[in-house]
Number of protein chains: 2
Amino acid sequence: MNIGDVAILSGLPAKTIRYYEDIGLVKPLRSSNGYRTFCERDAHRLAFLGRARALGFSIEDCRSLLALYGDEKRASAEVKEIAEQHLQRIDKKIAELTEMRVTLSFLVDACTGDHRPDCPILADLAMKQSDEEQPNQ
Amino acid sequence: MNIGDVAILSGLPAKTIRYYEDIGLVKPLRSSNGYRTFCERDAHRLAFLGRARALGFSIEDCRSLLALYGDEKRASAEVKEIAEQHLQRIDKKIAELTEMRVTLSFLVDACTGDHRPDCPILADLAMKQSDEEQPNQ
DNA sequence: CTAGAGCTTCCACTCGCTGGAAGGTCAAGC
DNA sequence: GCTTGACCTTCCAGCGAGTGGAAGCTCTAG
């Protein structure tokens with residue numbers, strides 16, 4: 001298989017697959033013309049990577065997951081550990097975004113959004129009028 | 001004010017403030033020794049930037065917001081537009097993360113996490129056993 | 001006069017790709 | 001045999017939003 005075929009199979013762009021080779025996630029052979037030659041196993045690894053990335057795992061997590069996947073003597077605890085840490089990162093990010101969302105939607109609702117210059121959004125970002133001295137503890 | 005003072009006032013690292021000057025968000029004067037000299041207005045703009053960034057606005061959004069802030073003839077509708085678009089991006093990101101979270105926490109719960117190699121997390125990422133042919137439409 | 005803190009610039013690195021240029025290779029059609 | 005176009009190769013640059021570090025200048029206190 002050439003890179004184009006495995007790109008279609010895995011759903012990853014050819015550029016991304018080349019990049020994954022660069023960083024050592026796949027090691028396709030080369031045919032005499034210099035083209036990369038992917039075997040079934042390579043295609044499978046790439047699909048695995050695509051799914052792991054879609055779940056938001058970092059490239060380094062993916063590297064570990066692939067290693068565990070290839071290790072028949074792995075303990076599922078190791079996999080679970082990685083997944084749980086990732087889950088915590090996701091939860092943290094959701095919490096951050098949700099907090100932004102709360103503030104932002106409050107400000108958006110408070111803004112009339114017309115031709116006049118008065119704007120609670122800018123007022124909040126500027127925080128000029130005495131709010132500056134508000135103790136936040 | 002030197003950069004260290006304004007860093008404390010705005011809560012931004014000095015490195016970040018230099019970067020903001022690089023990209024034209026603040027334009028501090030220079031004193032004869034080459035040091036940046038920040039006025040009240042600069043400090044105020046930097047604090048504004050810190051708050052806007054904390055709400056997740058992109059640098060380009062911040063640039064627009066600062067311009068609107070400085071324009072006394074702005075229409076609040078323009079500000080609201082930027083904020084609403086940002087809110088949509090946040091909602092989209094939360095939705096993506098939540099979807100990841102659902103799948104991931106399902107898999108984590110399904111994994112015993114012990115010394116044995118069997119692992120539903122890896123099984124899902126590999127998706128070997130006939131799930132591959134599952135129509136997803 | 002010296003030590004240390006603070007300031008300067010510049011370059012490289014992060015993460016995970018993505019775009020594009022310049023050029024080699026292959027298969028089909030004439 | 002030749003051309004065309006699709007495919008492949010490498011390499012370099014850039015995204016966003018900074019961060020780290022090196023080398024060197026300036027200021028202030030003792």
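Basis for what follows: all heavy atoms, side chains included, without hydrogens, waters or symmetry-related copies. First the proteins, then the strands, lettered A, B, ... as listed; each starts at 1. Worth saying up front: this structure is predicted, and the values here are computed from it rather than measured.
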Original post:
For Tyr35(A), what residues pass the ring-ring contact (aromatic ring centres under 6.0 Å, His included) criterion, not counting sequence neighbours?
Top reply: none

Subject >> Side-chain donor/acceptor of Arg36(A) to backbone N/O of Ile3(A), under 3.5 Å >> reply: no

Original post:
Hey, is the main chain of Asp61(A) close enough, under 3.5 Å, to the side chain of His86(A) for a donor-acceptor pair?
Top reply: no

In whole angstroms, how far is the [atom2] atom of [N] from the [atom1] atom of [X]?
{"X": "Arg63(B)", "N": "dG16(D)", "atom1": "CZ", "atom2": "P", "value": "10 Å"}
{"X": "Glu60(B)", "N": "dC15(D)", "atom1": "CD", "atom2": "P", "value": "11 Å"}
{"X": "Ile17(B)", "N": "dA17(D)", "atom1": "CD1", "atom2": "P", "value": "17 Å"}
{"X": "Arg53(B)", "N": "dG16(D)", "atom1": "CZ", "atom2": "P", "value": "11 Å"}
{"X": "Glu21(B)", "N": "dA17(D)", "atom1": "CD", "atom2": "P", "value": "19 Å"}
{"X": "Asp22(A)", "N": "dT10(D)", "atom1": "CG", "atom2": "P", "value": "8 Å"}
{"X": "Tyr19(B)", "N": "dG20(D)", "atom1": "OH", "atom2": "P", "value": "15 Å"}
{"X": "Arg18(A)", "N": "dC8(D)", "atom1": "CZ", "atom2": "P", "value": "7 Å"}

**OP:** Look at Thr16(B) and dT19(D) and indicate whether a side-chain polar atom (N or O) is within less than 4.0 Å of OP1 or OP2.
**Re:** yes

Original post:
For Tyr20(B) and dA17(D), is the shortest distance between a side-chain N/O and OP1 or OP2 below 4.0 Å?
Top reply: no

Original post:
Partners of Ile8(A) by side chain to side chain contact (heavy atoms under 4.5 Å, CB included), sequence neighbours excluded?
Top reply: none

Original post:
NA contact type, Arg36(B), heavy-atom cut-off 4.0 Å: base, sugar-phosphate, or nothing?
Top reply: sugar-phosphate

**OP:** Indicate, with a heavy-atom threshold strictly under 4.0 Å, whether Ile3(B) touches base, sugar-phosphate, or nothing.
**Re:** sugar-phosphate

**OP:** Determine, for nucleotides 21-28 of chain D in 5'-to-3' order, which nucleotides have protein heavy atoms under 4.0 Å from the base (write B), from only the sugar-phosphate (write S), or from neither (write -).
**Re:** B----BS-

Original post:
Any side-chain heavy atom of Glu84(A) sitting closer than 4.5 Å to one from Leu104(B)?
Top reply: no

Subject >> Span of DNA chain C in contact with chain B (heavy atoms, under 4.0 Å) >> reply: dG6(C) to dC10(C)

Subject >> Lys/Arg N to Asp/Glu carboxylate O, Glu60(B) vs Arg63(B), below 4.0 Å >> reply: yes

**OP:** Determine, stepwise, if the pair Val79(B) / Tyr69(B) fulfils side chain to side chain contact (heavy atoms under 4.5 Å, CB included).
**Re:** CA-CA 9 Å; Val79(B) 183; Tyr69(B) 179 58; over 6 Å; no

Subject >> Results of side chain to side chain donor-acceptor pair (under 3.5 Å) for Asp5(B) - residues two or more places apart only >> reply: none

Subject >> side chain to side chain donor-acceptor pair (under 3.5 Å) partners of Glu81(A), counting only residues at least two apart >> reply: Gln85(A)

